[in-house]
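What you see is a predicted model, and the numbers here were worked out from it, not measured in a lab. Residues: numbered from 1 along the sequence shown.
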Amino acid sequence: MITALRAKNKLGLVDGSIPKPNVAKELQQRTRCNDMVKSWLLNSLSREISPSVIYYDLAHEIWEELKECFSGVSSLHVSQIEREIHNLAQDTLSVVTYFTKLKALWNELSALCPIPSCTYGARNDALLYQQRQRTMKFLMGLNESYSLFVGKFY
């Protein structure tokens with residue numbers, strides 16, 4: 001949603017960075033833009049969620065309400081991603097498809113649980129460790145036909 005709003009130069013309406021104008025003509029234009037963004041937001045929500053925010057007047061209010069409700073990291077969601085990563089194996093997938101699925105899960109997990117910034121190179125060490133773990137997971141999930149190749153990495 002942020003990407004779409006930024007592409008349309010409307011992100012400022014939801015994040016509050018565009019101040020409310022004082023001039024009547026500009027206010028009318030902003031109201032029209034607000035209604036357009038509000039409709040985009042409401043149309044992107046599921047039928048279960050939209051009734052909770054439909055009566056807000058400003059797109060910014062809808063955005064803040066949704067952010068408050070849904071921006072927290074769910075332990076259940078993280079555990080589901082971890083389980084998918086753990087259970088994913090190449091099986092009948094091509095190597096490219098297997099890696100792409102694994103990479104998408106890793107990206108989603110990294111977005112939810114990023115490695116915190118650290119001093120003294122600790123973050124680099126953590127990233128290197130994470131990369132090694134991911135490489136091992138990838139190799140261990142490959143089919144047996146790749147065992148000679150994988151054996152060279154152990």
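Placement of V14 and L45 within a single hydrophobic cluster is found when ILVMFWY residues are connected by side-chain heavy-atom separations under 4.5 Å, directly or transitively. Using a 4.5 Å cut-off between side-chain heavy atoms of Ile, Leu, Val, Met, Phe, Trp and Tyr, with links allowed through other members, I18 and V23 fall into different hydrophobic clusters. Under the 4.5 Å side-chain contact rule for hydrophobic residues, L27 and L58 do not share a cluster. In the hydrophobic clustering of this structure, L109 does not group with L76; members are Ile, Leu, Val, Met, Phe, Trp, Tyr whose side-chain heavy atoms approach within less than 4.5 Å, directly or through other members.
For residues 33-42, there are no side-chain hydrogen bond (donor to acceptor under 3.5 Å, both in side chains) pairs, not counting sequence neighbours. Within the structure, salt bridge (charged side-chain N to carboxylate O under 4.0 Å, His left out) pairs that include any residue of residues 59-74 comprise E64-K67 (at least two apart or interchain). Note on residues 78-89: no pairs pass side-chain hydrogen bond (donor to acceptor under 3.5 Å, both in side chains), not counting sequence neighbours.
Atom CG in L88 sits 9.0 Å away from atom CH2 in W106 (nearest 0.5 Å). In this structure, CG in L5 is found 8.5 Å from CG in L13, a value given to the nearest 0.5 Å. To the nearest 0.5 Å, atoms CD1 (I81) and SG (C113) are separated by 7.5 Å. The structure places OG1 of T135 at 10.0 Å from CD of Q130, a figure rounded to the nearest 0.5 Å.
Crowding of Q28 atom CD: a count of heavy atoms from other residues, nucleotides or ligands under 6.0 Å not exceeding 12.
Other members of the cluster containing L127 are I115, with ILVMFWY side chains joined at under 4.5 Å, either directly or via other members.
Considering only residues two or more places apart in sequence or on other chains, E108 meets the side chain to side chain donor-acceptor pair (under 3.5 Å) condition with H77. Listed by chain and number, the residues in a side chain to side chain contact (heavy atoms under 4.5 Å, CB included) with S52 are I49 (sequence neighbours excluded). Residues passing the side chain to side chain contact (heavy atoms under 4.5 Å, CB included) test with L128 are R132, sequence neighbours excluded. Residues satisfying the side chain to side chain contact (heavy atoms under 4.5 Å, CB included) criterion with Q133, sequence neighbours excluded, are Y129. By the side chain to side chain donor-acceptor pair (under 3.5 Å) test, S46 pairs with E48, sequence neighbours left out. The side chain to side chain donor-acceptor pair (under 3.5 Å) check on Q29 picks up nothing, with sequence neighbours excluded. The side chain to side chain donor-acceptor pair (under 3.5 Å) search around Q131 returns none, not counting sequence neighbours.
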Show me the donor-acceptor pairs within less than 3.5 Å that the side chains of residues 91-104 make with the rest of the protein, sequence neighbours left out.
unit_1	atom_1	unit_2	atom_2	d
S94	OG	T97	N	3.0
S94	OG	T97	OG1	2.9
Y98	OH	K137	O	3.2
Y98	OH	F138	O	3.0
T100	OG1	V96	O	2.7
K103	NZ	N107	OD1	3.4

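With contacts defined as side-chain heavy-atom distances shorter than 4.5 Å, the pair V37/H60 does not qualify.
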> Would L11 and S17 satisfy side chain to side chain contact (heavy atoms under 4.5 Å, CB included), going step by step from the backbone distance to the final call?
Replying inline: CA-CA 8 Å; L11 184 59; S17 64; over 6 Å; no
>> Go through it in stages, so that I can follow the logic: the residues are Y55 and I62, the test is side chain to side chain contact (heavy atoms under 4.5 Å, CB included), and I'd like the CA-CA distance, side-chain angles, deciding distance and then a yes or no.
In response: CA-CA 9 Å; Y55 295 106; I62 293 172; over 6 Å; no
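Nearest heavy atom pair, residue R30 against residue P21, reads CD-CD, 3.3 Å.
No donor-acceptor contact under 3.5 angstrom links the side chains of S145 and N143, judged on distance only.
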